[in-house]
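Shown next, in structure tokens, is the structure this report addresses.
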Amino acid sequence: MISIRNSVFIKFDDGDSVERMELDIDSAEELPEIDDFDGKIIAQGSIAWDISTGDFYGLDSEGEWHNQNGEE
């Protein structure tokens, strides 16, 4: 399950809302693609907390998630 803890609107892009998000996920396998939410694009700098491990992931400008603990 994915929950949006917080989001900040940045701009509109072709009708979609680009937002920097803080996400809660049950496991890293659930890390979303940038366009997985209808009408929203996840922006660079968004973070996701993997509740099962405690790891945090950050989203880069290419749409890739990176483990912030230094592990991939």
Side-chain angles (χ1 to χ4, degrees):
M1 180 174 162
I2 300 174
S3 299
I4 299 173
R5 178 184 294 253
N6 192 19
S7 67
V8 175
F9 172 80
I10 297 173
K11 65 179 181 177
F12 283 109
D13 184 10
D14 290 329
D16 290 329
S17 174
V18 178
E19 301 178 19
R20 187 166 299 109
M21 297 183 181
E22 296 176 12
L23 304 173
D24 297 333
I25 56 175
D26 286 334
S27 70
E29 288 79 32
E30 295 179 327
L31 287 167
E33 300 293 322
I34 62 169
D35 59 355
D36 275 357
F37 298 105
D38 288 338
K40 296 182 181 191
I41 302 293
I42 306 173
Q44 178 243 12
S46 294
I47 61 171
W49 173 42
D50 179 342
I51 296 168
S52 67
T53 64
D55 289 341
F56 278 89
Y57 292 84
L59 186 69
D60 69 16
S61 61
E62 300 294 319
E64 298 291 324
W65 291 99
H66 299 277
N67 187 316
Q68 298 302 291
N69 295 336
E71 303 169 9
E72 286 299 320

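As the structure is a computational prediction, the values presented were derived from the model and not from experiment.
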Exercise. If you link I, L, V, M, F, W and Y whenever their side-chain heavy atoms are under 4.5 Å apart, who else ends up in the same group as F9?
Worked result: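 F12, listed by chain and number.
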
With side chains defined as the heavy atoms from C-beta onward, is the minimum distance between [X] and [Y] less than 4.5 Å?
X	Y	answer
S3	L23	no
I25	L31	yes
L59	I34	yes

For this session: Among residues two or more places apart or on two chains, list those pairs meeting salt bridge (charged side-chain N to carboxylate O under 4.0 Å, His left out) that have a residue in residues 30-49.
Result: E19-K40

For this session: Only counting residues at least two apart or in another chain, list the ones meeting salt bridge (Lys or Arg N to Asp or Glu O under 4.0 Å) with D26.
Result: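 So D26 forms no salt bridge (Lys or Arg N to Asp or Glu O under 4.0 Å) with any residue.
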
Problem set entry | All salt bridge (Lys or Arg N to Asp or Glu O under 4.0 Å) counterparts of R5, not counting sequence neighbours | D24

Exercise. How many angstroms lie between atom CZ of R20 and atom CD1 of I10, to the nearest 0.5 angstrom?
Worked result: 4.0 Å

Problem set entry | Spacing of F56 atom CZ and N67 atom CG [to the nearest 0.5 Å] | 11.0 Å

Problem set entry | Path from I4 to I42 over hydrophobic side-chain contacts below 4.5 Å |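 Per the 4.5 Å side-chain linkage, I4 and I42 are co-clustered.
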
Exercise. Y57 and I51: same hydrophobic cluster, using ILVMFWY side-chain contacts below 4.5 Å?
Worked result: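 No; tracing contacts between hydrophobic side chains, which count when under 4.5 Å, never links both residues.
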
Side-chain ([X]) to main-chain ([Y]) donor-acceptor, under 3.5 angstrom:
X	Y	value
D16	I41	no
S7	M21	no
D60	E64	yes

Exercise. Closest heavy-atom contact between A43 and V18?
Worked result: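 Smallest interatomic distance, heavy atoms only, reads CB-CG1, 3.8 Å.
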
For this session: Only pairs at least two apart or in different chains count here, so list each ring-ring contact (aromatic ring centres under 6.0 Å, His included) that has a residue in residues 14-38.
Result: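 For residues 14-38, and leaving out neighbouring residues, there are no ring-ring contact (aromatic ring centres under 6.0 Å, His included) pairs at all.
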
